[in-house]
Amino acid sequence: MGHDGPAALTGRCYCGAVTLKMTAPPKIVAYCHCADCRRWTGGPVGAFASFAEADVAATPPLGQPFSSVPGVERWTCRDCGSPLAARFDYTPGQVFVPVGILDQADRLAPDLHCHAGERLPWLHIADDLPREHASGRASLNAAQDSRP
Ligand SMILES: [Zn+2]
Ligand SMILES: [Zn+2]
């Protein structure tokens, strides 16, 4: 795993009020098929790049997260509602940024599928990536721990 390339990744919300800058590449990029991410992103599947918390800078700062599920924190743009970042208690130290708001999304091909057991039955993604039936937290934490 690991995503090399130009270190600085950038992103922004739909309206542009919030910009993100990541000073190191993501450790792992994952689809998440869980119903919670689906509802939050509005898409049939979420795709997130995982960064170390210290490597993500938001302008203005993200502020207070919203949480509708214990152990999950999510940040959105207060002006346009665009998803910006999420944090999960079971992946400490990691911030998950939706790939779709990143300017370099074309370079951020996912490494695995999480919560494949919740995949929408009509969604078929033809790849050979690992499929974690549940959260895939062991793989996500292993990728984070391997950071240099
Ligand atoms: Zn916005
Ligand atoms: Zn999810």
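First listed ligand is number 1; within each ligand, the first listed atom is number 1. Numbers here are sequence positions counted from 1. Excluded from the calculations below are hydrogen atoms, water molecules and symmetry mates; all remaining heavy atoms, backbone and side chain alike, are included.
The hydrophobic cluster containing Val95 does not contain Tyr31, counting ILVMFWY residues as joined when their side-chain heavy atoms lie under 4.5 angstrom apart, directly or transitively.
Side-chain atoms of Gln144 and Thr91 include no donor-acceptor pair closer than 3.5 Å. Side-chain contact of Gln94 with Ser50: a donor-acceptor pair under 3.5 Å is present, judged by distance alone. Judged purely by distance below 3.5 Å, without hydrogens or angles, the side chains of Asp36 and His115 never pair a donor atom with an acceptor atom.
Summarising the geometry of Trp40 relative to Pro98, their closest heavy-atom pair is CZ3-CG, 4.1 Å, with the distance given to 0.1 Å.
Ionic pairing of Arg131 and Asp127 is present here: one or more N-O contacts between side-chain nitrogen and carboxylate oxygen are shorter than 4.0 angstrom. We find that Arg38 and Glu118 are not joined by a salt bridge, their nearest charged nitrogen and carboxylate oxygen being 4.0 Å or further apart.
Within the sub-2.8 Å shell of the Zn ion (ligand 1), the protein contributes these N/O/S atoms: Cys13 SG, Cys15 SG, Cys77 SG, Cys80 SG. Inspection of the environment of the Zn ion (ligand 2) yields the following protein N, O or S atoms under 2.8 Å: Cys32 SG, Cys34 SG, Cys37 SG.
Taking CZ of Phe66 as the start and CZ of Arg74 as the end, the distance is 10.0 Å to the nearest 0.5 Å.
A 4.5 Å side-chain heavy-atom check between Trp122 and Pro44 finds at least one atom pair inside the cut-off.
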